[in-house]
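Notes follow the structure.
Atoms considered below: every heavy atom in the structure, side chains included; atoms not considered: hydrogens, waters and symmetry mates.
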Amino acid sequence: MNQTDLALYEPISTLKPVEENIWIADGPIVNMAMYGTSIPFPTRMTLVRLGNGDLWCHSPIAMTESLKAEIDAIGPVRYLISPNKIHYAHIESWAKLYPEATAWASAGVRERAAQQQIEVRFDADLSDEAPPEWKDDLDQVIFRGSRFMDEVVFFHRQSRTLILTDLIENFELHKVPDSYKLLVRLGGIIDPDGKTPFDLRLTFLGRKDLARQGFKQMLAWEPDKIILAHGRWYDRNGMAELRRAFRWLG
């Protein structure tokens, strides 16, 4: 691995089964503007085939011709999900490929996109309750308390999988270049003890009661697995991993 390379979860841009009717796809690196510089992040999306055959896509990654062929072979894409205001960049390009799909917005994402001068159109807004379109397959709740952003978290009932984005990050140190090892250590997001990044945790100060409400709901779902957008995801022991990752809530 080159000094500046962040190792990917190969193969990328291909569907990987989690369980029946749920897949992940790891994507290329994106560079996020942070701390006056650009920080590389791996990307990962989750695809769910609903009971009626429609496809629900959480945090779409960059599309490729081969990935599109895989997706089209399992069903029609109907729902494009922005789970928080920093996960939305590829929704517009997917919406153009799938004009019958509905793009769902998280709180603040329209404003964030405008600030970043990224063109994206949303058709509907996510709330604490799953809409009729997927309520038979997925539960959801808005994880509140941060002064920076809310995140909508989802639970796929059939596979007992919790789907998160940035509330837990879990980087394997051997995949991180030397130039970023200190940053992930300071963030407290190193596998096997990944958690909410330290800078994001700070935005919950004085508002942890709100966060505990979302955490209580996640515990009530009793997940077996937890999919994360960044780093190694948890394919077992979901309840134990969830409790460990949110120890910072007290």
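- The heavy-atom pair separating Ile189 from Pro197 by the smallest distance is CG2-CA, 3.7 Å.
- No option in Trp23, Phe154, Tyr98 other than Phe154 meets the ring-ring contact (aromatic ring centres under 6.0 Å, His included) test with Trp56.
- Under 4.0 Å is where a charged nitrogen must lie from a carboxylate oxygen, and between Arg78 and Glu100 at least one such pair does.
- Val152 and Phe148 end up in the same hydrophobic cluster when Ile, Leu, Val, Met, Phe, Trp and Tyr side chains are linked at under 4.5 Å.
- For the pair Arg157/Trp221, no side-chain contact is recorded, criterion being any heavy-atom separation below 4.5 Å from C-beta on.
- Glu70 has its side chain out of reach of Thr64: every pair of non-hydrogen atoms, C-beta onward, lies at least 4.5 Å apart.
- If you take CG on Leu47 and OG on Ser59, they are separated by 12.0 Å, rounding to the nearest 0.5 Å.
- Nearest heavy-atom pair, Pro42 versus Gly231, reported as atom, atom and distance to 0.1 Å: CG-N, 4.3 Å.
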Hey, mind stepping through Val77 and Ile71 against side-chain contact (heavy atoms from CB on, under 4.5 Å) and telling me if it holds? CA-CA 8 Å; Val77 174; Ile71 292 170; 3.5 Å; yes

Assess whether salt bridge (Lys or Arg N to Asp or Glu O under 4.0 Å) is satisfied between Arg144 and Asp128, documenting all intermediate values. CA-CA 10 Å; Arg144 295 180 171 87; Asp128 278 305; 2.8 Å; yes

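- Between Phe171 and His230, the ring-plane angle classifies as parallel under the 30° and 60° cut-offs.
- Between Leu50 and Leu138 there is a side-chain heavy-atom pair separated by less than 4.5 Å.
- Between Thr165 and Pro83, the shortest heavy-atom distance links the atoms OG1-CG, 3.2 Å.
- The minimum heavy-atom distance linking Ala25 with Leu67 is given by the pair CB-CD1, 4.4 Å.
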Criterion side-chain contact (heavy atoms from CB on, under 4.5 Å) on Val18 and Trp233, from CA distance to verdict: CA-CA 11 Å; Val18 174; Trp233 63 283; 3.8 Å; yes

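- No more than 12 heavy atoms of other residues, nucleotides or ligands sit less than 6.0 Å from atom CD of Glu129.
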With side chain to side chain donor-acceptor pair (under 3.5 Å) as the criterion, how do Trp104 and Ser82 come out once you've worked through the C-alpha distance, each side chain's angles and the decisive distance to 0.1 Å? CA-CA 6 Å; Trp104 289 76; Ser82 162; over 6 Å; no

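- The main-chain N or O of Gly250 is never found under 3.5 Å from a side-chain atom of Lys208 such that the two would form a donor-acceptor pair.
- Between Tyr79 and Cys57 the shortest side-chain heavy-atom distance does not fall below 4.5 Å.
- Classification of Arg236 and Asp224 as a salt-bridged pair fails, no side-chain N sitting under 4.0 Å from a carboxylate O.
- Environment of NZ in Lys16: crowded, with over 12 heavy atoms of neighbouring residues, nucleotides or ligands closer than 6.0 Å.
- The structure places CG of Asn237 at 11.5 Å from CE of Met239, a figure rounded to the nearest 0.5 Å.
- The minimum heavy-atom distance linking Pro131 with Gln140 is given by the pair CD-OE1, 3.7 Å.
- Contact of the Phe204 side chain with the Asp209 side chain is not registered, since no non-hydrogen atoms from C-beta on lie closer than 4.5 Å.
- Taken from CG in Asp123 to CG in Leu80, the straight-line distance is 8.5 Å, to the nearest 0.5 Å.
- In summary, the side chains of Thr161 and His156 do not present any donor paired with an acceptor at a separation below 3.5 Å, with no hydrogens or angles considered.
- Between Arg244 and Tyr234, some side-chain heavy-atom pair lies under the 4.5 Å cut-off.
- Hydrophobic clustering (ILVMFWY, side-chain heavy atoms < 4.5 Å, transitive): Leu200 and Leu210 are in distinct clusters.
- With respect to Asp166 and Lys85, no salt bridge is recorded, no charged nitrogen being found less than 4.0 Å from a carboxylate O.
- At least one donor-acceptor pair under 3.5 Å links the side chain of Asp137 to the backbone N or O of Gly51.
- Put simply, Ile118 and Phe41 are part of two different groups of oily side chains (I, L, V, M, F, W, Y) that touch within less than 4.5 Å, one to the next.
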side-chain contact (heavy atoms from CB on, under 4.5 Å) for Tyr9 and Lys175? Distances and angles first, verdict last. CA-CA 9 Å; Tyr9 284 86; Lys175 288 181 173 289; 3.5 Å; yes

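- For the pair Phe143 and Met149, the minimum side-chain heavy-atom distance is 4.5 Å or more.
- Taken from CD in Glu133 to OG1 in Thr102, the straight-line distance is 6.5 Å, to the nearest 0.5 Å.
- A continuous path of ILVMFWY side-chain contacts below 4.5 Å connects Leu228 to Val48, so both sit in one hydrophobic cluster.
- Atom CG in Asn21 sits 4.5 Å away from atom CZ in Arg49 (nearest 0.5 Å).
- For the atom pair CD1 (Ile61) and CZ (Arg44), the distance works out to 10.0 Å, reported to the nearest 0.5 Å.
- Residues Leu242 and Trp248 are members of one and the same hydrophobic cluster, defined by side-chain heavy-atom contacts under 4.5 angstrom among Ile, Leu, Val, Met, Phe, Trp and Tyr.
- Within 6.0 Å of the CD atom in Glu10, the count of heavy atoms belonging to other residues, nucleotides or ligands exceeds 12.
- In this structure, the side chain of Arg232 does not engage the main chain of Asp191 through any donor-acceptor pair within 3.5 Å.
- Across all their heavy atoms, Leu162 and Met218 have their closest contact at CD2-SD, 3.7 Å.
- Here the options are Ile163, Leu167, Ile226, the test is side-chain contact (heavy atoms from CB on, under 4.5 Å), and the partner is Val153; only Leu167 passes.
- Neither side chain, Gln116 nor Tyr88, offers a donor N or O lying under 3.5 Å from an acceptor on the other.
- Counted by atom type alone, Asn84 and Asp150 present zero donor-acceptor pairs between their side chains at under 3.5 Å.
- A side-chain donor-acceptor contact under 3.5 Å links Lys195 to the backbone of Asp193.
- Using a 4.0 Å cut-off between a side-chain N of Lys or Arg and a carboxylate O of Asp or Glu, Arg201 and Asp199 do not qualify as a salt bridge.
- Surrounding CZ of Phe198 are at most 12 heavy atoms belonging to other residues, nucleotides or ligands under 6.0 Å away.
- Under a 3.5 Å cut-off, the side chain of Arg147 and the backbone N or O of Leu205 do form a donor-acceptor pair.
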Any chance you could lay out the side-chain contact (heavy atoms from CB on, under 4.5 Å) test for Gln158 and Ile22, step after step, and finish with the verdict? CA-CA 9 Å; Gln158 181 185 11; Ile22 180 169; over 6 Å; no

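- A salt bridge does not link Lys225 to Asp235: none of the charged nitrogens lies less than 4.0 Å from a carboxylate oxygen.
- No side-chain heavy atom of Thr43 sits under 4.5 Å from any side-chain heavy atom of His90.
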